[in-house]
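Convention: sequence-line order gives letters A, B, ...; per-chain numbering from 1.
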2 protein chains.
Amino acid sequence: MDQNRSTNLGEIIRQGRVTQRLTLSQLSAMSGVSSSHLGRIERGERYPSGSILRKIAEPLGFEENELFTLAGYLTPTSSGVAESRPRYGGGELDPYVARILAQEPIDVQRAVIGILTILKSLALSTVKESA
Amino acid sequence: MDQNRSTNLGEIIRQGRVTQRLTLSQLSAMSGVSSSHLGRIERGERYPSGSILRKIAEPLGFEENELFTLAGYLTPTSSGVAESRPRYGGGELDPYVARILAQEPIDVQRAVIGILTILKSLALSTVKESA
DNA sequence: GTTGACATTTGCCATTTGGCGAATTATAAT
DNA sequence: ATTATAATTCGCCAAATGGCAAATGTCAAC
């Protein structure tokens, strides 16, 4: 086990597959990785190796570097992904998040912030109730 | 077994270690990978995972991309130098959205994409119901 | 030749990955 | 409601990784 692993890589991979409108079997055929393994990866039951990531990056519409960085195999600074990473008020924006959001209309992007604000308030009040 | 594997990665890694004038124990201490495993890798008895490569790249004086490409985990074309200007798949990201999101932890940023995906699915199925 | 320090290799095993084939679940058509 | 098909999940197992601790090899000093 490696501490650098992403906790939601499987979900990211599933989202990529759904975005490309592929079934597990179709992605399996395109990538050469078995559908049962892909299912386990998406559910978080297995962590994909570098070999697997290379095979599924293109069918899922990812840059290889991007996917390796998401998986924690490449550190952001050396994969080149971070070179495009703008800094905003001292914070860093994940390149994957930026890329996906950029494909949406501006209204949707801003709505996302509204939803995030609501969820944060909800989380805060939930924490207060638990105290 | 993966066909993309390099047959001489172990030797390349050994050469890097010798060039840096390190023993297996020293490289182990610097990288956090056990010396016995490093020895097996150098002799070709084990093939290092992406996690191991990330840990040993810097002590050996390699760029991470370079070592991953040597190992066959990254294809050469996609591990090249990133373009200097930010690109988001042809779309533009609202600066306000970028600034706000950048203030959140990376996990939260990625969760936001998950929520967006769910909402889009809901919207799509709602549109289908309306038709 | 012996000894000790240092470096590397080996035996072993727990853990994890990845694929086959079957089972289960979901979905669409009737 | 039923049935067929599509999609996903599961049981199982072989293969591979990675680390501990011990064993072996190398070399310098005596």
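Atom CD1 in B/I13 sits about 14 Å away from atom C1' in D/dT17, given to the nearest Å. Straight-line distance from the CD1 atom of B/I52 to the C1' atom of D/dA16: 13 Å, rounded to whole Å. Taking atom CG of B/L24 as the reference point, atom P of D/dG19 lies 13 Å away to the nearest angstrom. Rounded to an integer number of Å, the gap from CZ of A/R54 to P of C/dG18 is 12 Å. In this entry the distance linking CG of B/L22 with C1' of C/dT8 reads 15 Å, nearest Å. Taking atom CZ of residue B/R5 and atom C1' of nucleotide C/dT17, one finds them 11 Å apart after rounding to whole Å.
With respect to A/R54 and A/E64, no salt bridge is recorded, no charged nitrogen being found less than 4.0 Å from a carboxylate O. Looking at A/E11 and B/R110, no side-chain N of the basic residue comes within less than 4.0 Å of a carboxylate O on the acidic one, giving no salt bridge.
An angle of 10°, rounded to 10°, separates the two end axes of the helix from C/dG1-D/dC30 to C/dT30-D/dA1, each defined over five pairs.
Within residues 25-49 of chain A, the residues that place at least one heavy atom under 4.0 Å from DNA chain C are, in residue-number order, A/V33, A/S34, A/S36, A/H37, A/R40, A/R46, A/Y47, A/P48, A/S49.
Put simply, the side chain of B/E104 never gets that close to the backbone of B/Q109: no donor and acceptor are under 3.5 Å apart. Formation of a donor-acceptor pair under 3.5 Å by the A/Y47 side chain with backbone atoms of A/S6 is found in this model. Judged by distance alone, the side chain of B/Q20 and the main-chain N or O of B/R17 form no donor-acceptor pair under 3.5 Å. Proximity of a side-chain donor or acceptor of A/S28 to a complementary backbone N or O of A/L24 within less than 3.5 Å is not detected. Put simply, the side chain of A/E66 gets close to the backbone of A/E63: a donor and an acceptor are under 3.5 Å apart.
B/R17 comes within 4.0 angstrom of sugar-phosphate atoms only, judged by non-hydrogen atoms across all strands, and of no base.
Using the six-membered ring where Trp is involved, B/F68 and A/F68 have ring planes that are perpendicular, over 60° apart on the 30 and 60° scheme.
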